[in-house]
Amino acid sequence: MTSSTNGTFDRRPLIAGNWKMNLDHVQGITLLQKLAWTLDDAKHDYSRVEVAVFPPFTDLRGVQTLVKGDDLEIVYGGQDLSPFDSGAYTGDISGQFLEKLGCAYVLVGHSERRTIHGESDELLNRKVQAAYRHNVVPVLCVGEGLEIRQAGNHVEHTLGQLREDVAGLSTEQAGNLVVAYEPVWAIGTGEVAGPGDAQEMCAAIRAELAVIFDESVAARVRLLYGGSVKASNAAAILKERDVDGVLVGGASLDVDEFANIVRFEHHLVTD
Ligand SMILES: O=C(CO)COP(=O)(O)O
């Protein structure tokens, strides 16, 4: 992450909490309310660091009501969406429903969906397109498993996913995209990719975006790291030049831990 001379970042950092299949609709609004209070007490400046949560679908209506009612600056999104817009697709959730619920973002291609639900890059490309049709910004998740990392093919593998998943987007669409690099071996394992690993991949993704689209897209797209992020390691990861945010799983379920990640600037070690 780079900061310009006036102390603001070139790309607004995004700290995102993926709640996965945790917190029912009552627990979800309780946690969100506490998070908002904690960040208010800390006088968090949302215009400087954006905060997003990704609750289960069944929590979204309650989250919307709380955010609207209390005028919260925390934004939110779905964890998945259908490649279709409406119709006979039992169990699917349309991007237009997410848009109507005020979702700013939607996760696409989380590794748990790729591996457990067998989602292919061809399907994920259709989901990315569906998100744009309904004005919900996709947070596209890419990353390699342990075997691929050990074989040294992680960059090639991850860029291959990226190319297939963003195929056909216009430069205007691509400029708003968020990409999360989540090495599968670091998710929920306590194993963290070092800041250098996160930077290596984020730099490669940015360079590839310049090839697929153009330099201005590459300069605008925010790149997140995800995988065992905690308050104790977030600042070092976020200090890297091409890392513009983090996608947090387990630690986002603990209000104080997540609030401390959001406040990473206060933990930045100056050289
Ligand atoms: O998958 C993740 C976020 O989407 C990362 O999960 P953990 O932070 O629990 O490792």
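As the structure lists them, so they are numbered: ligands from 1, and atoms in each ligand from 1.
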[X] neighbourhood, listing ligand 1 atoms whose heavy-atom distance to it stays under 4.0 Å:
X	result
G227	5 (C), 10 (O)
A186	10 (O)
N18	3 (C), 4 (O)
G250	7 (P), 8 (O), 9 (O)
G188	7 (P), 9 (O), 10 (O)

- Query: Should the ring pair Y89 and F84 be called parallel, tilted or perpendicular, given that the plane angle runs from 0 to 90° and is split at 30 and 60?
  - Reply: parallel
- Note on the structure: Per side-chain contact (heavy atoms from CB on, under 4.5 Å), L224 is matched among L140, V178, V229, V246 by V178
Can I get a per-line list of side-chain donor-acceptor pairs under 3.5 Å for residues 29-37, giving both atom names and the distance, sequence neighbours left out?
unit_1	atom_1	unit_2	atom_2	d
T30	OG1	V26	O	2.8
Q33	NE2	D70	OD2	3.4

Indicate whether any N or O donor in one side chain lies under 3.5 Å from an N or O acceptor in the other, for [X] and [Y].
X	Y	value
E182	H110	yes
E144	W185	yes
Q64	R61	yes

Could you tell me the residue and atom name of the protein heavy atom closest to [atom], and the distance to it rounded to 0.1 Å?
atom	result
atom 3 (C) of ligand 1	E182 OE2, 2.9 Å
atom 8 (O) of ligand 1	G249 N, 2.9 Å
atom 6 (O) of ligand 1	K20 NZ, 3.2 Å

- Are V179 and L81 grouped together when hydrophobic residues (ILVMFWY) are joined by side-chain heavy atoms under 4.5 angstrom apart? yes
- Task: Of the side chain and backbone of L247, name the one, both, or neither that has a heavy atom under 4.0 Å from an atom of ligand 1.
- Result: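 Under 4.0 Å from ligand 1, L247 contributes backbone and side-chain atoms.
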- Message: Could you check whether R114 pairs with D121 (Lys NZ or Arg NE/NH1/NH2 to Asp/Glu carboxylate O, under 4.0 Å)?
- Response: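 Here R114 pairs with D121 in a salt bridge, since their nearest N and O are under 4.0 Å apart.
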- Task: State whether the shortest distance between N or O atoms of S228 and N or O atoms of ligand 1 falls below 3.5 angstrom.
- Result: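 Among all N and O atoms of S228, at least one is under 3.5 Å from an N or O of ligand 1.
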- Residue selection (non-hydrogen contact nearest atom 1 (O) of ligand 1) among K230, H110, Q79: H110
